[in-house]
Structures are given as C-alpha cells and as structure tokens.
Amino acid sequence: MTVSKADTELHTLSVDADYACEEERFYQTVLSHRNQLYQIACSYLRNKEDALEAIQEATFRAWKKRKILKNPAAFKPWIIRILIYICIDEQRRRKRISPIPEQMPEPSVQLDHRRMQMLSVLEKIKPKYRHILLLRYYNDMTVPEIARILDKPEGTIKTWQHQALKQLRKHMDKQEDWYNET
C-alpha cells in the first residue's frame with residue numbers, strides 16, 4: 001500500500017487542526033482559572049509583576065507537560081500546584097539575592113502597619129503551614145480543595161492548619177504592640 005502525497009497532506013492538516021483545538025481548549029481552561037491563579041501568585045509573591053510572570057511560567061510548564069495529566073478534571077489543582085512551586089522557587093531566589101537599600105523598588109501600594117506585621121509574622125511560620133494559611137485565608141479555599149492541590153489527605157491539611165494557627169498565635173503574642181493598637 002502506497003501513501004499518496006494528498007493523503008500525507010490531509011493527515012498533516014488533520015494533525016494541525018487537532019493541535020489548534022487542543023491549544024484553544026487549554027487556553028480557555030487557563031483563562032477560566034486566571035483570577036484564582038493571580039490571587040494565589042499575589043499572596044505568595046506580593047508583587048503584581050512577579051505574580052504575572054509566575055502565572056506565565058506555570059502556564060508554559062503546564063502546556064509542555066499537558067500530556068502527563070491523565071484526568072482533565074484534575075487540571076485546576078495540577079496547575080495551582082505548578083504555580084505554587086514556581087512561587088516558592090521565586091521566594092528562595094529572592095532570599096539569595098537581597099538588594100541593597102538604594103536598589104529596592106518603591107512599593108506600589110502602601111501597606112498599613114498591621115498588614116506589614118501580619119506579613120512579617122507569616123514569614124516566620126514553617127513553609128508547609130504558611131501554604132495552608134495562604135490558600136485557606138488569603139484565597140478562600142476549602143480544606144478539600146487544598147488537599148487536592150497539595151495532594152495530601154484532608155486530615156493532614158486540618159492538622160497543618162491547626163499547627164499553622166498555633167504558630168501564628170505564638171508569633172503574634174510576641175508582637176508587643178499587636179493588641180495595643182487602636
């Protein structure tokens with residue numbers, strides 16, 4: 001059996017059309033989760049530009065690895081997990097490269113004193129617990145959603161949440177002026 005040039009061209013057109021459909025489906029799926037991805041990235045990185053860059057990198061990595069995702073219903077927790085890992089990598093990179101004061105960028109939004117205190121306290125909490133607090137209270141996610149994203153049992157997430165809140169209270173109690181402000 002010989003394959004004609006027309007058959008080869010038809011097959012190529014079919015593959016190109018399938019690819020275009022797959023690309024459009026991927027784009028629409030990412031687009032439907034963009035607000036939540038942005039909120040999560042901002043809660044980790046606290047900078048609009050870095051958050052957008054992290055989302056772009058997560059989208060790129062997800063596109064490259066899309067074939068390994070077996071269950072399309074698991075796309076949302078999968079891409080959120082990718083985004084969280086990218087944000088963690090960026091936080092580590094920031095710790096290695098600490099700019100000198102003259103090079104520090106101007107904050108785009110002035111944060112009030114309490115918010116600054118809360119952010120500094122969150123930095124003192126163990127990372128696995130901090131993830132739970134950020135997802136639960138900054139991104140309004142439920143325990144089952146967090147469990148799916150982090151690929152952990154719900155009981156573990158509840159335990160980590162309890163430990164996180166315990167650490168948070170301990171560090172907040174150390175802040176002398178925390179309760180004295182009006």
Side-chain angles (χ1 to χ4, degrees), residues 3 6-97 108 119 122-123 125-165 167-168:
V3 178
D7 288 340
T8 304
E9 288 175 2
L10 183 61
H11 176 71
T12 303
L13 289 174
S14 174
V15 169
D16 289 346
D18 290 345
Y19 182 82
C21 288
E22 181 182 11
E23 188 175 15
E24 182 61 26
R25 277 194 309 274
F26 181 85
Y27 173 75
Q28 291 302 324
T29 305
V30 170
L31 205 57
S32 70
H33 301 301
R34 73 177 181 257
N35 290 337
Q36 189 170 25
L37 293 172
Y38 181 73
Q39 289 174 342
I40 290 169
C42 282
S43 68
Y44 276 86
L45 301 174
R46 294 187 211 102
N47 177 310
K48 178 183 175 182
E49 290 79 20
D50 289 343
L52 292 173
E53 191 173 318
I55 293 168
Q56 182 178 11
E57 179 66 21
T59 304
F60 171 71
R61 289 184 191 179
W63 174 253
K64 272 180 51 176
K65 301 288 186 177
R66 69 192 181 280
K67 300 288 185 196
I68 67 169
L69 183 64
K70 305 265 188 273
N71 179 5
F75 181 83
K76 181 180 173 185
W78 180 66
I79 197 166
I80 289 173
R81 192 174 319 125
I82 292 170
L83 179 64
I84 289 171
Y85 289 140
I86 290 168
C87 291
I88 291 168
D89 289 345
E90 176 61 19
Q91 288 173 335
R92 286 184 189 135
R93 189 189 66 75
R94 284 180 183 175
K95 283 183 182 178
R96 286 193 311 263
I97 304 170
S108 57
L119 293 174
L122 275 174
E123 291 298 320
I125 294 175
K126 287 183 181 178
K128 70 179 179 182
Y129 299 149
R130 188 178 333 127
H131 300 315
I132 303 301
L133 293 178
L134 288 172
L135 293 173
R136 180 80 171 106
Y137 298 105
Y138 279 73
N139 295 294
D140 296 323
M141 296 179 90
T142 64
V143 170
E145 288 174 325
I146 296 169
R148 273 189 77 193
I149 289 168
L150 298 179
D151 198 25
K152 301 287 182 195
E154 285 184 36
T156 301
I157 300 302
K158 288 177 184 178
T159 300
W160 287 1
Q161 179 181 354
H162 175 74
Q163 292 299 319
L165 292 172
Q167 281 188 16
L168 185 64

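Residue numbers run from 1 in the order of the sequence given. Here the structure is a predicted model, which means the values were calculated and not measured. Only this structure's heavy atoms are used, side chains among them; waters, hydrogens and symmetry mates stay out.
With rounding to the nearest 0.5 angstrom, the CG atom of Asp151 is 14.0 Å from the CD1 atom of Ile146. A distance of 6.0 Å separates CG of Leu134 from CG of Leu122, quoted to the nearest 0.5 Å. Note that the CD1 atom of Ile40 and the CG atom of Leu83 stand 6.5 Å from one another [nearest 0.5 Å]. Residue Ile86 holds its CD1 atom at 12.5 Å from CG of Asp50, rounded to the nearest 0.5 Å.
Heavy atoms only, all atoms of each residue included: Cys87 and Ala41 are closest at SG-CA, 3.9 Å. The two residues Trp78 and Ala62 come nearest to each other via the heavy atoms CH2-O, 3.3 Å. Across all non-hydrogen atoms, the minimal contact from Leu45 to Arg94 is O-NH1, 2.9 Å.
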* To do: Start with the C-alpha distance between Thr159 and His162, add both sets of side-chain angles, then the distance that settles side chain to side chain contact (heavy atoms under 4.5 Å, CB included), and finish with yes or no.
  => CA-CA 5 Å; Thr159 300; His162 175 74; 5.7 Å; no
* **Full working for side chain to side chain contact (heavy atoms under 4.5 Å, CB included) between Val143 and Lys158** => CA-CA 7 Å; Val143 170; Lys158 288 177 184 178; 3.9 Å; yes
* To do: Could you please spell out the steps behind the side chain to side chain contact (heavy atoms under 4.5 Å, CB included) verdict for Tyr138 and Leu133?
  => CA-CA 7 Å; Tyr138 279 73; Leu133 293 178; 5.8 Å; no
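Between the side chains of Lys128 and Gln163, not a single donor N or O lies within less than 3.5 Å of an accepting N or O.
Without hydrogens or angle criteria, Arg148 side chain to Pro77 main chain gives no donor-acceptor distance under 3.5 Å. In this structure a side-chain-to-backbone donor-acceptor pair under 3.5 Å is missing from Thr156 to Lys152. One N or O on the side chain of Gln167 and one on the backbone of Lys126 form a donor-acceptor pair closer than 3.5 Å. Side chain of Asn47 to main chain of Glu49: a donor-acceptor pair is present (N/O by atom type, distance under 3.5 Å, no hydrogens or angles).
Glu22 and Lys67 are joined by a salt bridge, as a carboxylate oxygen and a charged side-chain nitrogen come within less than 4.0 angstrom of each other. A salt bridge links Arg46 with Glu123: the closest approach of a Lys/Arg side-chain nitrogen to an acidic carboxylate oxygen falls below 4.0 angstrom.
Checked against Tyr137 for a side chain to side chain contact (heavy atoms under 4.5 Å, CB included), the options Ile132, Leu168, Leu165 give a single hit: Leu165. Each of Glu90, Gln91, His131 was checked for a side-chain hydrogen bond (donor to acceptor under 3.5 Å, both in side chains) with Tyr44, and the lone residue meeting it is His131.
At a threshold of 4.5 Å between non-hydrogen side-chain atoms, the residues Leu31 and Arg34 count as touching. Proximity of Pro127 to Ile88: side-chain heavy atoms (C-beta onward) are nowhere separated by under 4.5 Å. Between Thr29 and Lys76 there is no side-chain heavy-atom pair separated by less than 4.5 Å. You'll find the side chain of Ile149 reaches within 4.5 Å of the side chain of Met141, heavy atoms only. For the pair Leu69/Phe75, a side-chain contact is recorded, criterion being any heavy-atom separation below 4.5 Å from C-beta on. Using a 4.5 Å cut-off on side-chain heavy atoms (C-beta onward), Gln161 and Tyr129 make no contact. Ile80 places a side-chain heavy atom less than 4.5 Å from the side chain of Gln36. Residues Thr59 and Ile82 fail the side-chain proximity criterion, which asks for heavy atoms closer than 4.5 Å.
For Gln56, the CD atom counts as loosely surrounded, since its 6.0 Å shell holds 12 or fewer non-hydrogen atoms of other residues, nucleotides or ligands. The environment of Glu53 atom CD is sparse: at most 12 non-hydrogen atoms of other residues, nucleotides or ligands sit within 6.0 angstrom.
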